[in-house]
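All chains are named by letter (A, B, ...) in the order of the sequence lines, taking the proteins before the strands, and each is independently numbered beginning at 1.
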There are 2 protein chains.
Amino acid sequence: MKPLSIGHVARRGGVGVETVRFYEREGLLPKPTRTLSGYRQFDEEIIGRLRFIRRAKELGFTLNEIKELLSLRIDPSTTCADVKVRAETKIADIEAKIDSLKRMKLALVKLTKACSGRGTTSECPILDALDCEEKS
Amino acid sequence: MKPLSIGHVARRGGVGVETVRFYEREGLLPKPTRTLSGYRQFDEEIIGRLRFIRRAKELGFTLNEIKELLSLRIDPSTTCADVKVRAETKIADIEAKIDSLKRMKLALVKLTKACSGRGTTSECPILDALDCEEKS
DNA sequence: ATCGACCCTGTACCATACTACAGAGTCAAG
DNA sequence: CTTGACTCTGTAGTATGGTACAGGGTCGAT
C-alpha cells in the first residue's frame, strides 16, 4: 500500500485538510509517519476512520465521545456490551433533549395561540408572557 | 425610585453580576447611569428585563434573537404580528431540531437492537455500522 | 529552472454564553 | 479608621468544532 497525502485522505474522508490535522491534534487520529521532508503519510484505513467519525457525529456523538468509542474499539479487553452501553446512554441523552425541545415548543405554541396577531406590541401576549411582571 | 446596584439587580434577576455586565456589553441592557464614582445605577425595570431574557432563553431563543425581540418591543412601529412571526419561526426551528434528534435516535436504536451485547468489539454491529467499510 | 499545487507549523479567529481573574477603587458599619 | 463587602475595567479562559491565515518549504510537470 502506498501512503496517502493529507489532501487525499481529507478528500476521500469527506473533510477538510485542516480538519484532519485538527483531529490528529485532538487524538482522534493516530500520529502518522512522516516523509523526510515532514509530510504526513496516511494509509487507507484512516479514510475509514474519518468516515467513522463523520457518521458518529451525525448520530449526535461529540468528538470526545467518538474518541472514547475509538479507544474502546482498540482496547481488546472491552466487549460489545461496553459499546452498547454507550449507545444506550446516548439514546437517553437524545430523548432528554427531545423532551426539553417539546416543552419549549408547547410553551411557544400556547403563546402564539393567545396572540391575535393584531395590534401593537404593547398588547402582545407573547411579550407579556416573557415580561412576567415583578408584581407577582 | 432609588437606584439599584448591579449586585441587587443581578440577584433579583436571577443571574450573576458578570452576566449583567456581559448583557450590557452585548446590547441586551441599556447603558445605565453611573454614580460619580462610576458605579452603575439600575432601576427596577431592569430586573423585569433580566427575567424576560431568562425566560426567552428557556424557550430556546439565542441572545441575538432576544436582542431582536427587545428591539421589536421598543420600536413603536412594530406590531404584535411581527412578534408572532418570530415565535412561529422559532417553533419551526425547534421542530426541525426535534426531527433531526428523532432520526439520530432511530438509527441508534436500530444499532443497539442488532447488538447482542455479547462478544468482543470485533463483532460489534454498532462499531461495524460506523465503520462503513470502504469496500462498498 | 520555474510554476502551481500542495504541504508544514503556529497562531489567531468564528459563534455561543458566559466565567474568572487581576489589580484597583468605593462604601458603609463598627 | 479599619475592615469586609462590593464595584470598576480589562483581559483571558471555558467548551465545541472547527476555519483561516501568514510565512514558509516541497513536489511534479513542463
| task | Could you tell me whether A:Lys105 and B:Glu95 make a salt bridge, using a distance below 4.0 angstrom between a side-chain N and a carboxylate O? | result |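 Yes, charged N to carboxylate O under 4.0 Å.
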| message | I'd like to check A:Lys90 versus A:Phe61 (side-chain heavy atoms, cut-off strictly below 4.5 Å). Are they in contact? | response | yes
| request: Taking the side chain as every heavy atom from C-beta outward, state whether A:Phe22 and A:Val15 have any pair of such atoms under 4.5 Å apart. | output: no
| task | Please lay out, stage by stage, how A:Phe42 and A:Ile47 fare under the test side-chain contact (heavy atoms from CB on, under 4.5 Å). | result | CA-CA 9 Å; A:Phe42 296 94; A:Ile47 295 162; over 6 Å; no
Are any of [X]'s side-chain N or O atoms less than 4.0 Å away from OP1 or OP2 of [N]?
X	N	value
B:Ser5	D:dT7	yes
A:Arg54	D:dG18	no
A:Arg34	C:dT9	yes
A:Lys57	D:dT16	no
B:Ser37	C:dC27	yes
B:Thr19	C:dT19	yes
B:Asn64	C:dA15	no
B:Arg40	D:dT9	yes

Expressed as a whole number of angstroms, how long is the span from [X]:[atom1] to [N]:[atom2]?
X	N	atom1	atom2	answer
A:His8	D:dG28	NE2	P	12 Å
B:Lys31	D:dC8	NZ	P	12 Å
B:Leu36	C:dC27	CG	C1'	14 Å
A:Arg25	C:dC8	CZ	C1'	13 Å
B:Lys97	C:dT16	NZ	P	11 Å
B:Ile6	C:dT19	CD1	P	13 Å
A:Glu24	D:dG18	CD	P	15 Å
A:Leu29	D:dG18	CG	C1'	14 Å

| What is the nucleic acid contact for B:Thr62, judged by heavy atoms within less than 4.0 Å: base, sugar-phosphate only, or nothing? | sugar-phosphate
| task | Have a look at B:Arg21 and say if it touches a base, only the backbone sugar-phosphate, or nothing, with a 4.0 Å heavy-atom cut-off. | result | base
| message | Let me spell it out: for each of B:Gln41 and A:Gly16, pick the nucleotide of DNA chain D with the closest heavy atom. Which residue's pick is nearer the 5' end? | response |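 Residue closer to the 5' terminus by nearest nucleotide: B:Gln41.
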| message | Please determine whether any donor N or O and acceptor N or O are separated by less than 3.5 Å between the side chain of B:Tyr39 and the base of C:dG25. | response |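 Donor-acceptor pair under 3.5 Å: yes.
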| No-H, no-angle donor-acceptor pair, B:Glu26 side chain to C:dC18 base, under 3.5 Å | no
| note | Regarding the side chain of B:Phe22, the nearest nucleotide among C:dT16, C:dC21, C:dC18 is C:dC18
| task | Among C:dT26, C:dC18, C:dT9, find the nucleotide with the atom closest to the side chain of B:Tyr23. | result |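 So the side chain of B:Tyr23 is nearest to C:dC18.
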| field | Audit row: B:Leu111, A:Leu59, side-chain contact (heavy atoms from CB on, under 4.5 Å) steps and yes/no | value | CA-CA 11 Å; B:Leu111 290 178; A:Leu59 290 178; 4.2 Å; yes
| Heavy-atom closest pair, residues B:Thr112 and A:Lys84 | O-CE, 3.2 Å
